[in-house]
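Single-structure report; data block below.
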Amino acid sequence: MSSQDRTGSKRVRIAKISSISLAGALLLTGCSAQAQNGWLPADRDNTNHTGIITDLWVNSWIAALVVGIITWGLIIWCMVAYRRRKNDTGYPRQMSYNLPLEIFYLTIPLFMVLVFFYFTERDINTIDARVEDPDVIVDVRGKQWAWDFNYVTEDKYSTGEQAHLTGEPGRVDDLPTLYLPVNRSVELQLNARDVQHSFFVPAFLQKRDLYPGRTNYINLTPTKEGTFAGKCAELCGQYHSEMLFNVKVVSQAEFDAQMAQLEDGQLGDEYDRDSYPEDDPDTDPARSSS
């Protein structure tokens, strides 16, 4: 066997081993819980919506991967099948158009876009649908750089303090905490006291902006007890990174006990930035602790 033949045989073996290793790695990765959740920061049973969002995300990536493999395969096949041969001379035969291919290139991408649109629109409508009579209504007020939570149904409120990041663990229990009862429908009414903020709980896979003078809504049902980290996801000023909070999903009994410890009443629009002198923030009791 010549040295050229041995080199070619060695390359074939390396290619086979690499292909088998890659396929095995992909197969093992696909069996993990992280892969089944699409590497999203949430379990399927955190809320009644996390499963829907996860399925849309994972299935979209599967569809994109299938289309990508087919496209890459066609490109490589064209490179091999129509490559210039050793004895070829001149230019290949030119074609001005190919009507069947042009129809194919138009209809297939259009069909794909319509399919993606259908499933996305269907799931968004399900996620954003407001519950007519939610068990719990919370008026969430974002402010530089903390959160107020008005429990409308219970006529209670809690006002939060800004976090202070030091690079060390701690202060988790000191953050503003939103309490929600498990397996109860919840409506979050999102309002901003000053500038634009964004309410984001990664474990819930939902994020919504807060605009001054406008109320946005999130409707969900927490289905798993636990403590979940939240943050502002919209750059809102110097201490944006310290605008943190927790969400505690607890039993109904624990929720009722927590409500009994809170102050009566609501912290409403009277504590928004336009309602007090800008040069005297201490006149705002909802912000003075921040």
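Every value quoted in this text rests on a predicted model; they were computed, and no experiment measured them.
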Beyond-backbone contact of [X] with [Y], side-chain heavy atoms, under 4.5 angstrom:
| X | Y | result |
| --- | --- | --- |
| N48 | L220 | yes |
| L178 | P176 | no |
| D272 | R141 | yes |
| W145 | S241 | no |
| V136 | P181 | yes |
| M112 | I108 | yes |
| V195 | R273 | yes |
| E187 | V131 | no |

Give the cluster check for [X] versus [Y]: same hydrophobic cluster or not, with ILVMFWY residues linked at side-chain heavy-atom distances below 4.5 Å.
| X | Y | result |
| --- | --- | --- |
| I127 | I124 | no |
| W57 | I52 | yes |
| V182 | V201 | yes |
| V66 | L74 | yes |
| M259 | V247 | yes |

Inset, instruction - Check the pair E154 / F255 against side chain to side chain contact (heavy atoms under 4.5 Å, CB included), numbers first and verdict last. - result: CA-CA 11 Å; E154 293 75 17; F255 176 79; 3.5 Å; yes
Is [X] atom [atom1] crowded by more than 12 heavy atoms from other residues, nucleotides or ligands, each under 6.0 Å away?
| X | atom1 | result |
| --- | --- | --- |
| K156 | NZ | yes |
| Y239 | OH | no |
| E132 | CD | no |
| D133 | CG | no |

Inset, instruction - Show your reasoning for whether side chain to side chain contact (heavy atoms under 4.5 Å, CB included) applies to L205 and H49. - result: CA-CA 8 Å; L205 300 181; H49 292 156; over 6 Å; no
Ignoring hydrogens, what is the shortest heavy-atom contact between [X] and [Y]? Give both atom names and the distance.
| X | Y | value |
| --- | --- | --- |
| P202 | A229 | CD-O, 3.3 Å |
| S158 | L262 | CB-CD2, 4.1 Å |
| Q266 | N150 | OE1-CB, 3.2 Å |
| F204 | T50 | O-CG2, 3.6 Å |
| L190 | R208 | CD1-CB, 3.6 Å |
| Q206 | I218 | NE2-CG2, 3.8 Å |

Is a side-chain donor-acceptor pair under 3.5 Å present for [Y] with [X]?
| X | Y | result |
| --- | --- | --- |
| Q252 | D256 | yes |
| N191 | D139 | yes |
| N219 | Y217 | no |

Inset, instruction - Evaluate the side chain to side chain contact (heavy atoms under 4.5 Å, CB included) criterion for residues Y157 and D148: first the C-alpha distance (whole Å), next the side-chain angles of each, then the deciding distance (0.1 Å), finally the verdict. - result: CA-CA 7 Å; Y157 76 88; D148 297 332; over 6 Å; no
Side chain of [X], backbone of [Y]: donor and acceptor closer than 3.5 Å?
| X | Y | value |
| --- | --- | --- |
| D155 | D264 | no |
| N46 | A203 | yes |
| S185 | D135 | yes |

Inset, instruction - Would you please indicate if the ring centroids of F149 and Y179 are separated by under 6.0 Å? - result: no
Between [atom1] of [X] and [atom2] of [Y], what distance do you get to the nearest 0.5 Å?
| X | Y | atom1 | atom2 | answer |
| --- | --- | --- | --- | --- |
| R83 | D88 | CZ | CG | 9.5 Å |
| D55 | F119 | CG | CZ | 11.0 Å |
| L56 | T126 | CG | OG1 | 10.5 Å |
| E161 | E242 | CD | CD | 12.5 Å |

Inset, instruction - Run the numbers on Q144 and H197 for side chain to side chain contact (heavy atoms under 4.5 Å, CB included), then give the verdict. - result: CA-CA 9 Å; Q144 292 177 316; H197 301 285; 3.9 Å; yes
Inset, instruction - Could you tell me whether R214 and D209 make a salt bridge, using a distance below 4.0 angstrom between a side-chain N and a carboxylate O? - result: no
Legend entry - Option from T177, L244, L210 for which side chain to side chain contact (heavy atoms under 4.5 Å, CB included) with W147 holds: L210
